[in-house]
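Data block below; observations after.
In this chain, residues are counted from 1 in sequence order.
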Amino acid sequence: MIKLWLICYDVRDDKRRTQLAKLLEQQCVRVQYSVFECPLDTKKLEFFLSSKWLKVLNLQEDSLRIYPLDALAKQKTKIYGVKDDPPYESPDYLIL
């Protein structure tokens with residue numbers, strides 16, 4: 001089952017930060033500079049963490065945070081300012 005994950009990072013090195021952003025852009029939608037919404041099932045998320053995303057980071061300097069979003073959290077989300085809806089279908093990924 002596909003879920004929605006909020007992934008954000010703090011990466012000190014420009015090269016690592018760019019690499020991570022490019023990897024995330026392959027599966028996720030950038031909602032702010034270092035924040036992505038990722039519609040993935042748990043197995044696929046674990047695959048990317050073990051095979052790609054974490055390998056870019058220096059875990060002594062960088063951090064990556066992943067928050068699961070359920071339907072209620074998504075509905076209660078407040079967006080101020082410019083709002084671009086993600087290009088994926090919202091009802092499919094919010095079912096838990």
| request: Considering non-hydrogen atoms only, spot the tightest contact between Leu40 and Lys44 and give its length. | output: CD2-CD, 4.0 Å

| message | Just to verify, what does Trp53 make a ring pair (Phe, Tyr, Trp, His ring centres under 6.0 Å) with, not counting sequence neighbours? | response | Phe48

| field | salt bridge (charged side-chain N to carboxylate O under 4.0 Å, His left out) partners of Glu46, counting only residues at least two apart | value | none

| remark: Note: Pro39 and Ile2 closest approach over all heavy atoms is C-CG2, 3.6 Å

| note | dist Ser63:OG -> Glu61:CD (nearest 0.5 Å) comes out at 11.5 Å

| task | Grab the two heavy atoms, one from Asp62 and one from Arg16, that are nearest each other, plus how far apart they are. | result | OD2-NE, 2.8 Å

| query | Hey, are the side chains of Cys8 and Arg65 touching, using non-hydrogen atoms and a 4.5 Å cut-off? | reply | yes

| message | If we check side chain to side chain contact (heavy atoms under 4.5 Å, CB included) with Gln19, which of these qualifies: Leu24, Val56, Asp13? | response | Val56

| Are Leu49 and Leu64 close enough that some pair of their side-chain heavy atoms sits under 4.5 Å apart? | yes

| request: Look at atom CZ of Arg12 and say whether more than 12 heavy atoms of other residues, nucleotides or ligands are closer to it than 6.0 Å. | output: no

| query | Do Tyr67 and Val35 sit in the same hydrophobic cluster, where Ile, Leu, Val, Met, Phe, Trp and Tyr count as joined when their side-chain heavy atoms come under 4.5 Å apart? | reply | yes

| CD-CD distance between Glu37 and Gln32, expressed to the nearest 0.5 angstrom | 10.0 Å

| Taking every non-hydrogen atom, the tightest pair across Asp70 and Ala73 | OD1-N, 2.7 Å

| request: Enumerate the residue pairs fulfilling ring pair (Phe, Tyr, Trp, His ring centres under 6.0 Å) with a member in residues 3-42, sequence neighbours excluded, ordered by first and then second residue. | output: none

| remark: In short, Ser50 meets Lys55 closest at the heavy-atom pair O-CE, 3.1 Å

| query | At what distance, to the nearest 0.5 angstrom, does CD of Glu25 lie from SG of Cys38? | reply | 10.5 Å

